[in-house]
Amino acid sequence: MHRSDSLEHMAIEKLTDDLARKIAAGEVIERPASVVKELVENAIDAKSERIDVELAEGGKTGIVVRDDGLGMDPSDLDLCVARHATSKIHHEADLDAIHTLGFRGEALASIAAVSKMRIVSRAEPEEAHRLEVEAGVAQPVRIDSRATGTTVEVRDLFFNLPARARFLGTSRTELLHSSRAVQRYALVEEGIGWTLRHGDREIFSAPRCGSLLDRIGQIYSVEVAHAMLSVEGRLGDIRIRGYVSRPDMRRGSRKDQLFVVNGRAVADRGLSYVLASAFRGILRPGSYPMAVLHIDLPPEQVDVNVHPRKEEVRFGQPRQVQDALSAALLQALSKRAAVAPLPARDPGSTAARPAPSGVTRGSTTSYGSALPFNLQTAMTASQAEKEAEKVRGRDDLRVIGQLQSTYLLVETAEGLDIIDQHIAHERVLYERLQKQLGSEGISRQMFLLPARVEVPFETAAVLSQHLALLEEVGVVLEAFGGGTFLLREYPRMLAEEQTRRGFQELIEALADALREGADVKTALFDRVLRELSCAGAIKAGDRIPLAEAQALVEQLLTLDNPNFCPHGRPIIRSLSREELDRQFKRT
Ligand code: ADP
Ligand code: MG
């Protein structure tokens, strides 16, 4: 560009309406999935009970969204594609408390500007009417026929914006974006029945249903629904409800995490962080829980008008919202329901499990079941935890034996728990180390005769780099030249056991952990703590006295998270009395 030349000639001109429309549309409408999103949101705002979406070529040549909502009368139909025309807010004050998904009044105008659009709509008691628009230019409204509701058809998206059209993906890619969007709305609105079709293929269908858990079953699978933990909580005006997956069912990415603030799916780093923190030490780094979490609060405490596509919100008091979510997640993960039940083996039949409806999971009583999770009175998470401890303490648990020097058999009020002794102990050690690290620091024992460890050259380099960090977790190593290190101090709680085992393998495992560890300090600490507690724990194959086993189980049950080891493996499996009775045909 010849900058200096053009400067002299640069005069301000008003953009033509057509060009201004296209520029504005580009901000809201990026690809077919953005159209689907806007049309679906309008259908939800119109109180539909059923929404059908049909796409052709991934939505590039055709998008149809049909609803049975309130519809529009002819005068509304005439206005709906004008810019800044909305029925959802009327006064500036309405912006402070928005109850609908839409409010900007620009979606239909934007879509109409860059496609060929036809809307057929009927609002009782009127007749149905039809509006056709091409590249923003509308025809007069005409009479048509259909039942109450609205159908919006969008053909040839970006036909007049070839630059944008060229950047669209293949039909498959575009379909994927749209179907993910529709599935997310389906997870938010279980009271609406949904279908998505591509050409003559049905991509998915989710009939109206009565509970979020049923909807999770429809969208993912019945197995996934069975492995969800219910999350419930309240802090002042903030209410949390929804589900997270049990840690034994993890995903490789964050894409199955959905936060819904007052009915609107949003991306929020603070909330994602709280979810990740709740699962820290339960899931391996790189694994993520599934989640559908509703956060409901008075609308005046959220600003939804901060993002052109309304995908983010701003909270008046973000800390409070995060605390509410955090407490609810902590509570959900410490519950008895987080224990994976033994898969039922029914010798007589291969009958499928019943579809989840409400709470159908085998065992839902919790070690903290008598704990009233009433945060109205602003109980802090740690107070709640103390309460939970009291309740757990009352539970009658009796270790009745050790199976093959590996599993502890525990009689409970509900039946039998089978506990993996190694990972149970690992979990106990891990949580204690973590608590110490977070408070007064990990207490260390000094060795009179330091242990000597020899490692390969490359391992030595990794260790030398991290001596300070290791010291913080209680491992004081001194480089002695070459690949030799002297271990001078070690976490007190682990020292005796580890001395018996020797330190060679452990130090190499620590070096591996440091090598592959993330560079965030907390993640690295976490990794090292897991390694230390694993090494220091009772092994499978160790015989232990019953009294020691009993003490271990009792300690385990006072933890924040007794159900999963720091690597995400289940610690407890349970077999209920009912299940036993079924197996022996007592019922
Ligand atoms: P917004 O949703 O922000 O109000 P839109 O451009 O998406 O703006 O829609 C403009 C108006 O058209 C809406 O306020 C609503 O009155 C009407 N409308 C759009 N779609 C529907 C629908 N499916 N059913 C009923 N009314 C609709
Ligand atoms: Mg809208």
Side-chain angles (χ1 to χ4, degrees), residues 17 20-21 23-25 27-29 34-49 51 65 67-114 117-131 133 136-141 148-152 154 185 188-189 191-192 237 260-266 294-317:
D17 282 354
R21 267 201 300 267
I23 291 172
E27 204 182 309
V28 189
I29 307 302
S34 352
V35 174
V36 169
K37 171 183 187 293
E38 295 296 341
L39 298 184
V40 160
E41 290 196 352
N42 283 343
I44 295 173
D45 283 344
K47 304 194 166 32
S48 305
E49 292 183 355
I51 300 177
V65 175
D67 70 52
D68 65 352
L70 298 172
M72 286 177 268
D73 62 23
S75 61
D76 281 353
L77 190 59
D78 194 33
L79 262 179
C80 72
V81 292
R83 284 188 67 75
H84 309 302
T86 177
S87 58
K88 299 170 191 174
I89 55 175
H90 302 286
H91 311 287
E92 193 179 328
D94 295 342
L95 261 187
D96 291 339
I98 286 184
H99 296 274
T100 49
L101 296 173
F103 56 86
R104 303 169 76 103
E106 53 183 19
L108 289 184
S110 298
I111 298 166
V114 293
M117 182 155 97
R118 175 196 288 156
I119 308 179
V120 181
S121 188
R122 176 173 182 186
E124 293 298 339
E126 298 278 343
E127 303 259 4
H129 285 78
R130 174 178 82 228
L131 174 73
V133 197
V137 181
Q139 302 295 313
V141 167
T148 307
T150 303
T151 301
V152 182
V154 175
Y185 285 106
V188 177
E189 298 286 348
I192 297 177
D237 282 343
V260 186
V261 175
N262 289 354
R264 181 189 307 276
V266 298
H294 282 264
I295 293 126
D296 294 314
L297 69 175
E300 59 277 8
Q301 293 179 24
V302 210
D303 187 358
V304 296
N305 191 20
V306 293
H307 189 277
R309 288 188 296 273
K310 302 165 292 185
E311 285 159 8
E312 287 170 20
V313 293
R314 195 175 292 139
F315 293 109
Q317 292 176 303

Nearest heavy-atom neighbours spanning Val261 and Leu297: CG1-CD2, 4.0 Å
Expected output: side-chain Asp96 to main-chain Glu300 donor-acceptor under 3.5 Å: no
Note, Asp76 side chain near Ser87 side chain (heavy atom, < 4.5 Å): no
Residue pair Ile111, Leu39: steps toward the side-chain contact (heavy atoms from CB on, under 4.5 Å) verdict: CA-CA 10 Å; Ile111 298 166; Leu39 298 184; 4.0 Å; yes
Side-chain donor or acceptor of His129 paired with backbone N/O of Glu127 under 3.5 Å: yes
Asp94 side chain vs His91 backbone, donor-acceptor pair below 3.5 Å: yes
Greater than 12 external heavy atoms within 6.0 Å of Glu311's CD: yes
Side-chain heavy atoms of Leu108 within contact of Ile119, under 4.5 Å: yes
Any donor-acceptor N/O pair, Thr148 side chain to Glu124 backbone, under 3.5 Å: no
Separation between OG of Ser75 and CD of Glu126, rounded to the nearest 0.5 Å: 7.5 Å
Closest non-hydrogen atom pair between Val188 and Gly263, with its separation: CG1-O, 3.5 Å
Side chain Arg264, main chain Thr100, donor-acceptor under 3.5 Å: yes
Set of residues satisfying salt bridge (Lys or Arg N to Asp or Glu O under 4.0 Å) with respect to Asp45, sequence neighbours excluded: Lys88
